[in-house]
Amino acid sequence: MSRLLPTALAVLSLAAVAGMAHAQGPRGNQDANGDGVISAQEFEDAARARFQRLDANHDGVIDAEELAAIQKRMEARRAEHPEAGRGPGGGAGALAAMDADHDGKITEAEALAASKARFAALDADKDGVLSPAEQPVRRGSPN
Ligand SMILES: [Ca+2]
Ligand SMILES: [Ca+2]
Ligand SMILES: [Ca+2]
């Protein structure tokens with residue numbers, strides 16, 4: 001008994017730490033200042049950060065090769081966690097849709113323009129911020 005308790009406590013605090021890390025993880029927490037709403041600036045910052053993460057060789061363009069790698073990663077993740085759904089920004093299909101001039105590559109300008117359009121679409125009451133109700137649902141998007 002006296003040996004079990006500390007172990008249980010250790011497991012619990014580990015779980016708490018893991019949970020916290022998860023909540024603040026890189027998986028698209030766009031509400032940078034934690035005020036519960038996502039401003040246009042926060043949305044854009046998150047889009048830029050995501051773009052830079054996806055631009056593996058940092059040349060300012062996500063090319064077909066990088067797109068394919070992203071797609072592969074997303075599929076692997078979905079196969080591993082089918083219940084997790086897709087992160088904000090959608091899948092590789094949504095990425096390809098950002099390619100405004102259809103040259104098979106996505107520039108940072110295209111990604112940011114797409115993100116702006118997405119923000120406008122999400123901001124149902126057009127007050128310039130995404131309230132919790134307007135924020136994209138992270139699990140089980142219906143398509
Ligand atoms: Ca915010
Ligand atoms: Ca690149
Ligand atoms: Ca709004």
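Index from 1, following the sequence. Every number for a ligand or one of its atoms is a count from 1 in the order of the listing. This one's a predicted model, so the numbers in the text were calculated from it and none came from an experiment.
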Minimum heavy-atom distance Val61-Asp55, with the two atoms named: O-OD1, 3.1 Å
Starting from the Ca ion (ligand 1), look over the N/O/S atoms of Asp31 and name the nearest one. OD1
If you consider just the N/O/S atoms, which atom of Asp59 is the closest one to the Ca ion (ligand 2)? OD1
Do you know which two heavy atoms are closest between Ala47 and Leu112, and how far apart they sit? CB-CD2, 4.0 Å
If you apply the rule side chain to side chain contact (heavy atoms under 4.5 Å, CB included), what do you find for Gln52 with Glu108, and how did you get there? CA-CA 8 Å; Gln52 283 163 4; Glu108 185 165 351; 4.0 Å; yes
Least distance between heavy atoms, Glu110 atom then Asp101 atom: OE2-OD1, 2.8 Å
Closest Asp123 atom to the Ca ion (ligand 3) [N, O or S only]: OD1
Residue Gly34, metal the Ca ion (ligand 1), N/O/S under 3.0 Å: no
If I consider every N, O or S atom in Asp125, which one ends up closest to the Ca ion (ligand 3)? I only need its name. OD1
The Ca ion (ligand 1) and Ser39: any N/O/S contact shorter than 3.0 Å? no
What N/O/S atom of Asp55 is the closest to the Ca ion (ligand 2)? OD1
Would you name the heavy atoms of Gly104 and Asp99 that are closest together and state the gap between them? N-OD2, 2.7 Å
Lys/Arg N to Asp/Glu carboxylate O, Lys126 vs Asp123, below 4.0 Å: no
Could you tell me whether the side chain of Glu134 and the main chain of Ala124 form a donor-acceptor pair under 3.5 Å? yes
Closest to the Ca ion (ligand 1), among the N/O/S atoms of Glu42, is atom OE1
Please determine whether Val129 has a backbone or side-chain N, O or S atom lying under 3.0 Å from the Ca ion (ligand 3). yes
Of all the heavy-atom pairs spanning Ala111 and Phe51, show the shortest one and how long it is. CB-CD1, 3.5 Å
Checking one value in my table: which N/O/S atom of Asp35 lies closest to the Ca ion (ligand 1)? OD1
Can you tell me which N/O/S atom of Asp127 has the shortest distance to the Ca ion (ligand 3)? OD1
Kindly give the atom name of the N, O or S atom of Glu134 closest to the Ca ion (ligand 3). OE1
Please work out the angle at the Ca ion (ligand 2) defined by atom OE2 of Glu66 on one side and atom O of Val61 on the other, rounded to 10°. 130°
Of all heavy-atom pairs linking Glu44 and Ser115, the shortest is CA-OG, 4.4 Å
